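Since the structure comes first, as structure tokens, the remarks are kept for the end.
Fair warning: this is a prediction, and the values are worked out from it, not measured in the lab. In this chain, numbering begins with 1 at the start of the sequence shown. Basis for what follows: all heavy atoms, side chains included, without hydrogens, waters or symmetry-related copies.
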Amino acid sequence: MVDLPAALVKGAFATGARIRHARVFHPNGLHLSGRLHAEPEFEPLFGAGERAVIARLSKGAGMPGGLPDVLGFAFRVLDRDDEPWDFTLATTGRGLLGRLVFTPARGWATARYGCLMPYRIGNSAPTWFFAEPDADQPASASLHAMDAHLDEHLVSFTLTASRLTGPRVRLAELALRHAESAEYRTDYFDPMLNRPSEVELFPNAVGKIRELAYIGSRSGRGEGA
């Protein structure tokens, strides 16, 4: 027998994607590609040297123009084994509680992206990942403004991590540009499916619900589950 709650979650997101003819959330976005360079102590996770990255910048609710929105930053990096590792980050608040809440951002330059659900790497304590943009990115939340900016500039992000208490640790730098069509071979990022074996999103039960939502949204758009 099909698990009813699982079927309901997948069905709801599939229906939403069919109605919208796009993702339920973050329907419009820009495709980017570039490189990630990990700090030496994190090369065992990401691999040494420049790692290939594809990414997507988006607006969560699809608000028009430069209106504030929950901004999204998803990216896929090839890990130490040249396997895909997906991150899906969105703008959150700051502080211990703020990191648990999606927060609209007024512009790309002031956005602060977080993973909302923490990661557990091996037996480590739950760890949140964050991305901070460079200050030269557009001051508004307009996709058009970001698109024009990328015509002339690279955009960079600093990837950091922290536990519930304690200092934030610098993990890596990303440098991105407009992607060529041949570089961008997927239009979805799934952090539950694509991750190193010793890495998991925590708590696992919430992660399973999130995975069902990803599967439903992809099926509603006619993409592979």
Check the surroundings of atom NE2 in His144: do more than 12 heavy atoms from other residues, nucleotides or ligands lie under 6.0 Å from it? no
One should read off an interatomic distance between Ser156 OG and His37 NE2, to the nearest 0.5 angstrom, of 14.5 Å
Would you say Ser33 and Arg177 are linked by a side-chain donor-acceptor pair, where the criterion is simply a distance under 3.5 Å? yes
Heavy-atom count around Glu180 CD within 6.0 Å, excluding the residue itself: above 12? no
Spell out, yes or no, whether Leu176 and Leu30 are grouped together once hydrophobic residues are joined by side-chain heavy atoms under 4.5 Å, including indirect joins. yes
same_hphob_cluster(Phe189, Leu78) at 4.5 Å side-chain heavy-atom cutoff: no
Contact check, side chains of Phe157 and Phe75, non-hydrogen atoms, under 4.5 Å: no
Would you say Thr91 and Tyr113 make side-chain contact, with heavy atoms under 4.5 Å? yes
Exceeds 12 heavy-atom contacts within 6.0 angstrom, atom CZ of Arg120: yes
For a quick test of reading the model, state the closest non-hydrogen atom pair linking Arg99 to Leu116 and the distance between them. O-CD1, 3.5 Å
Counting C-beta onward and ignoring hydrogens, is there a side-chain heavy-atom pair between Leu159 and Phe42 closer than 4.5 Å? no
May I ask you to check if Arg168 and Phe130 form a cation-pi contact, with NZ or CZ under 6.0 angstrom from the six-membered ring centre and within 45° of the axis? yes
Would you say Lys59's side chain and Gly65's backbone share a donor-acceptor pair under 3.5 angstrom? yes
Mind checking whether Ile54 and Leu154 sit in one hydrophobic cluster, side chains of I, L, V, M, F, W, Y counted as touching below 4.5 Å? no
Asp134 side chain vs Asp136 backbone, donor-acceptor pair below 3.5 Å: yes
So Ser124 and Arg163, do their side chains get closer than 4.5 Å, heavy atoms only? yes
Mind listing the closest non-hydrogen atom pair of Ala141 and Ala105 along with its distance? CB-O, 4.0 Å
Report yes if some heavy atom in the side chain of Leu164 is under 4.5 Å from a heavy atom in the side chain of Trp128; otherwise report no. yes
Is the side chain of Thr103 donor-acceptor paired with the backbone N or O of Gly93 at a distance under 3.5 Å, no angle test? yes
Find the distance between CG (Leu143) and OG (Ser58) and round it off to the nearest 0.5 Å. 7.5 Å
Report yes if some heavy atom in the side chain of Arg51 is under 4.5 Å from a heavy atom in the side chain of Asp82; otherwise report no. yes
His178 versus Glu183, closest heavy-atom pair with distance: O-OE1, 4.4 Å
Per side-chain contact (heavy atoms from CB on, under 4.5 Å), Leu45 is matched among Leu171, Asp79, Ile121 by Ile121
Which heavy atom in Gly98 sits nearest to a heavy atom in Thr92, and how many Å separate them? O-CB, 3.8 Å
Would you give the length of the straight line joining atom OG1 of Thr160 to atom CD of Glu173, rounded to the nearest 0.5 angstrom? 10.0 Å
For a 4.5 angstrom cut-off between non-hydrogen side-chain atoms, does Val155 reach Met146? yes
Give, for atom CE of Met117 and atom CE of Met192, the distance between the pair rounded to the nearest 0.5 Å. 6.0 Å
Could you check if a side-chain atom of Leu89 sits within less than 4.5 angstrom of a side-chain atom of Cys115, using non-hydrogen atoms only? yes
Is the Tyr119 ring parallel, tilted or perpendicular to the Phe129 ring (thresholds 30°, 60°)? tilted
